[in-house]
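First the proteins, then the strands, lettered A, B, ... as listed; each starts at 1.
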There are 2 protein chains.
Amino acid sequence: MVETDEDMRAPATVEEFRLRLAEVLDDLPRRLRQCADYIAANTERIAVSTVAELAAGAEVPPSALMRFCQILGFSGFSEMQRLFRDAYSPGFPDYSTRLKNLRAGEAGSPAALLAEFVEAGRLSLETLAKQADEEALTRAVDILAAAGTLHLVGYRRAFPVSSYLAYVLEKMAVPAMLHGGLGKLEHRHALRPGDAVLAITFAPYSEETIQMAAEASARGLPVVALTDRMTSPLVRHATAILTVPEVDFGAFRSLSATIAMAMALAVAVGTAREVL
Amino acid sequence: MVETDEDMRAPATVEEFRLRLAEVLDDLPRRLRQCADYIAANTERIAVSTVAELAAGAEVPPSALMRFCQILGFSGFSEMQRLFRDAYSPGFPDYSTRLKNLRAGEAGSPAALLAEFVEAGRLSLETLAKQADEEALTRAVDILAAAGTLHLVGYRRAFPVSSYLAYVLEKMAVPAMLHGGLGKLEHRHALRPGDAVLAITFAPYSEETIQMAAEASARGLPVVALTDRMTSPLVRHATAILTVPEVDFGAFRSLSATIAMAMALAVAVGTAREVL
DNA sequence: CTGGGCGTGGAATATTTATTCCACGACGGC
DNA sequence: GCCGTCGTGGAATAAATATTCCACGCCCAG
């Protein structure tokens, strides 16, 4: 029973545990690697889970997780768990308590800011869930699924959303073209018959986006608008209108709801097109 | 089997649990009273202890504690424990499974998809609030506030985040340079002494981002990593590490938590710099 | 006192959970 | 292309843990 190249003693603190984890990470076979990843991402759950639960989370059989514990230097899962159970400090039982705690820090502290953004995002999502216009969404999907190339238009704050859409659509093999953002390039001539435009803008609305939408609608191309309210200047040019309620924190917008909407749109369009 | 004067259903939340506890406290025989006292004082240990351990703590035999659980309305200790384990970290282990089914099941009406993305975002944000590392966040802010130009590195999925950061930082008059994303330009030579790098990447990690971080750290520049887990290859090059838990489904990631973190970072850095 | 009900502890049992073990299969070196 | 090694998953087993059950004794009412 030689201790080949493995460290014999088990980590005694959570910190040691992390180090050990990083240490072994590189040369680990597939399944054990999965364990390491999952455990690293969910360390806090070790204390309150069973082998079976963690193994399921990591998508490995329990025996793999068992071996993993041993490689880390523990005699088995129980020993590893004991480490985390002992170190278990009540943490923060539930979301609202924790949020209060974060906010309580001096105003403007990074943690307090984080709390505000998290809350803003959550509120936005909740509102979106309540008041989403399903009909408009379905219409938008139909339009985009039927079109040739999709033109994604979004400047400034909307650019992160449109660029993400471009990425996701590409993954789904949907032809899409990203306009706006960096190079201020004029792609107007790229609009071709059969194409559709997905225009994204929020107050204060960007002129370029509105013009693009206007141009497309003048040429008879369908325009899907993703914007903040029904009074948006985009509305007059749009064939389908999706509004997302976004709660701002100061001048800063969380984008959570917008991205959720954009993703739903993208995936729906992607699957609809696959079928065709 | 009459339910004399006892409430039949078990508490469903920690709050309900506390109420129930206070409610029964008064008329309780000696041993059960001891249980109640001990449990009230050590509620947080329930999630990570065995019946025997808690019983020992309360100085009662296990069977007494057992009866106590039942009086509270639970079927037994296990059920009570489950309440606290779930409260500690809400189960999204089965979440990715849910999304898989959604795709496989061909179900996805656009509205259903939207609901899923909303839920994923909400979950991500809550988890972020619970397990954010305040210390690391503060460190990251200090580093970035003290630096010259900030280099934002994020390809693919991370690009929306870094581009949003670029936008916000510009608004706050913080000198920042956006790398990666579209033009595949090599900006490596742009790194200058006194600068700092904010690198963003998630599994599967993009090679370019890691190289950039490596380069910076080799030159002695501080690197802040915004990534998904502690096993990220970015970790070895980073001066400060921020991890965000994001419910993730192939290419479809809600990004809510990531953006919340990024925004908090940007605003904190912006205000810190103003003061200087 | 004395009988009945209730609280009690501990021992027996059921159940869950961890851990070991081994046969199979892939992979790489010879 | 064969053999040895190593990774793997699942089934068998061991251990821990929860849960039930019952006999005893205290206390109070009659």
Find the distance B:Met66:CE to C:dA14:C1' and express it as a whole number of Å. 12 Å

Test: side-chain hydrogen bond (donor to acceptor under 3.5 Å, both in side chains). Region: residues 114-123 of chain A. Which pairs qualify, not counting sequence neighbours? A:Tyr95-A:Glu119, A:Tyr95-A:Arg122, A:Arg103-A:Glu116, A:Arg122-B:Glu126

Sorted by chain and number, sequence neighbours left out, side-chain contact (heavy atoms from CB on, under 4.5 Å) with A:Pro61 holds for A:Arg31, A:Ser63, A:Ala64

Roughly how many Å is it from CD in A:Glu53 to C1' in C:dA18, rounded to a whole number? 13 Å

Test applied, side-chain contact (heavy atoms from CB on, under 4.5 Å); reference residue, B:Cys69; option that passes from B:Leu65, B:Leu72, B:Ile71: B:Leu65

Sequence-distant partners of A:Val51, side-chain contact (heavy atoms from CB on, under 4.5 Å), two or more places apart: A:Pro62, A:Phe77

Sorted by chain and number, sequence neighbours left out, ring-ring contact (aromatic ring centres under 6.0 Å, His included) with B:Tyr164 holds for none

Mind checking if B:Ala64 touches a base, just sugar-phosphate, or nothing, with heavy atoms under 4.0 Å? nothing

Pick base, sugar-phosphate or nothing for B:Gln81, based on heavy-atom distances below 4.0 Å to the nucleic acid. nothing

Residues which pass side chain to side chain donor-acceptor pair (under 3.5 Å) with B:Thr231, listed by chain and number, not counting sequence neighbours: A:Asp37

Spacing of A:Glu79 atom CD relative to C:dT17 atom C1', expressed in whole Å: 17 Å

Have a look at A:Gln70 and say if it touches a base, only the backbone sugar-phosphate, or nothing, with a 4.0 Å heavy-atom cut-off. sugar-phosphate

Ordered by number, residues from residues 25-39 of chain B within less than 4.0 Å of DNA chain D (heavy atoms) are none

Of all heavy-atom pairs between B:Leu125 and B:Ala260, which one has the smallest distance, and what is that distance? CD2-CB, 4.0 Å

Under the ring-ring contact (aromatic ring centres under 6.0 Å, His included) test, residues paired with A:Phe84 that sit two or more places apart: A:Phe17

Divergence of helical axes at both termini of the helix from C:dC1-D:dG30 to C:dC30-D:dG1 - five pairs an end, 10° steps: 10°

Qualifying salt bridge (charged side-chain N to carboxylate O under 4.0 Å, His left out) pairs, either residue in residues 56-67 of chain B, two or more places apart: none

Leading and trailing nucleotides of DNA chain D with any atom under 4.0 Å from heavy atoms of chain A: D:dG7 to D:dG10

Of all residues at least two apart in sequence or in a different chain, which pass the side-chain contact (heavy atoms from CB on, under 4.5 Å) check with B:Pro222? B:Ile143, B:Ala196, B:Thr239

Under the salt bridge (charged side-chain N to carboxylate O under 4.0 Å, His left out) test, which residues partner B:Arg236, sequence neighbours left out? A:Asp26

Go nucleotide by nucleotide along DNA chain D from the 5' end; which of B:Ser78 and B:Arg67 gets its closest nucleotide reached first? B:Ser78

Roughly how many Å is it from CZ in B:Phe77 to P in C:dT17, rounded to a whole number? 12 Å

